[in-house]
Amino acid sequence: SLLDDSWGRLATLADRWRQRIRAAFPKLPARRGFYDWLIDGPVAAAVRAGRESEAERLIGNQLAPGAEPRAGRVILVGAGPGDPGLLTLHALRALQQADVIFTDRLVSPAILAMVRREAEVIDVGKAPGGHAEQQDGINRGLVTHARRGRTVVRLKGGDPFVFGRGGEELEYLRRHGVAYEVVPGVTAALACAAYAGIPLTHREHAHGLQFVTAHCRESLDRVDWRGLARPGQTLAVYMGVSELDAVRDRLIEAGMAPEARVAFVQDGTGSAQRVVVTVLAALSDAALRHAIA
């Protein structure tokens with residue numbers, strides 16, 4: 001669990017370049033610095049992803065005469081829904097490699113306690129609402145720190161690519177030529193359903209599964225409600241508490257039965273997890289009665 005299973009391939013790659021590395025860095029401290037970069041940077045990430053030719057190119061570029069100073073990289077890491085036991089081994093290694101970490105407000109303190117002691121932790125949590133300007137600032141911060149040669153972790157609750165703006169951050173990194181790696185995380189719908197004992201698919205009841213976000217009225221206008229209301233599937237709604245009335249009304253208008261069963265899962269996978277089961281027609285009443293937040 002401590003050693004990544006790609007290390008054998010990485011060691012073989014380093015051995016092929018050993019003589020050229022020794023020639024380029026005859027003094028031990030400089031050579032050691034190069035090897036630190038090789039085993040803990042974009043080369044290792046490329047080998048781990050099976051991109052051996054890219055790894056070879058990265059080493060060759062760094063050994064070329066007049067090579068630019070070695071750049072850092074960004075790792076987009078999914079922290080899962082809160083329970084530190086659901087963190088992946090790749091995510092844990094990234095937390096131990098990071099020089100700086102940009103963390104969301106949904107990342108639990110138990111996971112932040114696993115961060116390397118010397119790492120700088122920057123809280124960029126965004127409360128619900130308009131935050132395009134803040135997202136731009138996060139994007140710029142990731143690039144700035146990576147260009148200083150640092151290993152930057154962008155730590156996000158759940159999975160970076162499931163309603164987590166990871167795609168926008170990845171596009172920004174690509175546009176600015178910053179090396180990156182993506183470590184997926186357990187997304188909230190999977191974990192909350194599992195901890196609540198609710199199977200998302202079932203041979204007799206649900207042969208399909210759809211994820212949708214309902215965090216603002218603008219997003220609701222782009223949803224295919226008829227598709228979401230089809231029977232024989234499970235619908236997982238993220239960030240829907242503020243728009244419960246609209247979600248209820250549109251699903252019923254699209255053909256979903258008012259008596260369809262609905263479960264709220266609050267603080268999923270955490271010690272304060274609550275599960276409230278009701279029916280679609282009573283969605284808002286149940287949320288008020290049980291103070292769902």
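Position 1 is the first residue of the sequence; numbering continues from there.
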Study note, to complete from the structure: Output for pair (Arg22 CZ, Leu28 CG), nearest 0.5 Å, gives 9.0 Å
**Study point:** pair Leu220-Val247: side-chain heavy atoms closer than 4.5 Å
**Key:** yes
Check your understanding: Going by heavy atoms in the side chains, are Glu120 and Asp99 under 4.5 Å from each other?
Key -> no
Check your understanding: Closest approach of Ala281 and Ile252, non-hydrogen atoms and distance?
Key -> CA-CD1, 4.5 Å
Exercise for review: Search all heavy atoms of Val77 against all heavy atoms of Ala91 and return the closest pair with its distance.
Suggested key: CG1-CB, 3.6 Å
Practice item. For side-chain contact (heavy atoms from CB on, under 4.5 Å), just list the numbers for Arg274 and Asp267, CA-CA rounded to whole Å, side-chain angles, deciding distance to a tenth of an Å, and then say yes or no. Key: CA-CA 7 Å; Arg274 292 198 300 151; Asp267 295 324; over 6 Å; no
Exercise for review: Output all residues satisfying side chain to side chain contact (heavy atoms under 4.5 Å, CB included) with Glu168, sequence neighbours left out; order by chain, then residue number.
Suggested key: Gln135, Arg165
Check your understanding: With a 4.5 Å heavy-atom cut-off, do Tyr195 and Val265 have their side chains touching?
Key -> no
Check your understanding: Between the main-chain N or O of Val47 and the side-chain N or O of Arg9, is there a donor-acceptor pair closer than 3.5 Å?
Key -> yes
Practice item. Decide whether Leu10 and Leu58 are clustered together by the hydrophobic rule: side chain heavy atoms of Ile, Leu, Val, Met, Phe, Trp, Tyr closer than 4.5 Å, transitively. Key: yes
Practice item. For the residue pair Arg154 and Pro160, establish whether any side-chain heavy-atom pair is separated by less than 4.5 Å. Key: no
Review point. Is there a donor-acceptor contact under 3.5 Å from the side chain of Glu253 to the main chain of Arg226?
Key: no
Check your understanding: With distance as the sole criterion, is a donor-acceptor pair present between the side chains of Tyr180 and Arg174 under 3.5 Å?
Key -> yes
Review point. With no hydrogens and no angle check, is any side-chain donor or acceptor of Thr187 less than 3.5 Å from a backbone partner on Leu190?
Key: no
Revision key, fill the gap. CG of Leu244 to CD1 of Ile292, rounded to nearest 0.5 Å, is 9.0 Å
Point to revise | Main-chain N/O of Asp83 paired to Thr269 side chain as donor or acceptor, under 3.5 Å | key: yes
Practice item. Tell me whether Val178 is reachable from Ile122 by hopping between hydrophobic residues (I, L, V, M, F, W, Y) whose side-chain heavy atoms are closer than 4.5 Å. Key: yes
Check your understanding: Taking Arg31 for the side chain and Pro26 for the main chain, is one N or O donor matched with an acceptor at less than 3.5 Å?
Key -> yes
Practice item. Please name the pair of heavy atoms, one in Val107 and one in Ala79, separated by the smallest distance, quoted to 0.1 Å. Key: CG2-CB, 4.1 Å
**Study point:** Closest non-hydrogen atom pair between Leu38 and Ala14, with its separation
**Key:** CD2-CB, 4.2 Å
Practice item. Given side-chain contact (heavy atoms from CB on, under 4.5 Å), test Glu259 with Leu280 step by step and report yes or no. Key: CA-CA 6 Å; Glu259 64 273 14; Leu280 181 60; over 6 Å; no
Review point. Counting N and O atoms only, with roles assigned by atom type, does the side chain of Asp159 sit under 3.5 Å from a partner on the main chain of Gly185, one being a donor and the other an acceptor?
Key: yes
Exercise for review: Look only at the side chain of Gln233 and the backbone of Leu228, and say whether a donor-acceptor pair between them is shorter than 3.5 Å.
Suggested key: yes
Check your understanding: Heavy-atom distance under 4.5 Å between the side chains of Val262 and Leu235, does that happen here?
Key -> no
Point to revise | Spacing of CG belonging to Leu63 relative to CH2 belonging to Trp17, to within rounding of 0.5 Å | key: 6.0 Å
**Study point:** Minimum side-chain heavy-atom gap Ile198-Thr234 below 4.5 Å
**Key:** no
Review point. Between Leu173 and Val143, is a side-chain contact (heavy atoms from CB on, under 4.5 Å) present by the stated rule, with each step listed?
Key: CA-CA 7 Å; Leu173 296 172; Val143 169; 4.0 Å; yes
Review point. In terms of heavy-atom contacts, does CZ of Arg16 have more than 12 from other residues, nucleotides or ligands at under 6.0 Å?
Key: yes
Check your understanding: Would a 4.5 Å heavy-atom cut-off, applied to side chains only, mark Glu169 and Lys156 as touching?
Key -> yes
Review point. Can you tell me how far the CE atom of Met256 sits from the CH2 atom of Trp225, to the nearest 0.5 Å?
Key: 9.0 Å
Practice item. Indicate, with yes or no, if Leu76 and Leu112 share a hydrophobic cluster defined by side-chain heavy-atom contacts under 4.5 Å among Ile, Leu, Val, Met, Phe, Trp and Tyr. Key: no
Point to revise | Met114 CE to Ser108 OG distance, which is reported to the nearest 0.5 Å | key: 8.0 Å
Review point. Are any of the side-chain nitrogens in Asp5 or Arg48 under 4.0 Å away from the carboxylate oxygens of its partner?
Key: no
**Study point:** Cluster check Val100, Ile75: I/L/V/M/F/W/Y, side chain < 4.5 angstrom
**Key:** no
Review point. Pro42 and Trp37: which non-hydrogen atoms are nearest, and at how many Å?
Key: CD-NE1, 3.7 Å
Review point. Are Val183 and Val115 joined in one hydrophobic group, where the rule is that I, L, V, M, F, W and Y side chains link up if heavy atoms are under 4.5 Å apart?
Key: yes
**Study point:** Worked check of side-chain contact (heavy atoms from CB on, under 4.5 Å) between Val74 and Phe102
**Key:** CA-CA 10 Å; Val74 175; Phe102 286 72; over 6 Å; no
Check your understanding: How many angstroms lie between atom CD of Gln62 and atom CZ of Arg57, to the nearest 0.5 angstrom?
Key -> 11.0 Å
Check your understanding: With a 4.5 Å heavy-atom cut-off, do Leu142 and Tyr172 have their side chains touching?
Key -> no
Check your understanding: Ignoring hydrogens and geometry, is there a side-chain-to-backbone donor-acceptor pair from Gln266 to Ala293 under 3.5 Å?
Key -> yes
Exercise for review: Write down the atom of Val186, the atom of Ala191, and the distance for their closest heavy-atom approach.
Suggested key: CG1-CB, 3.9 Å
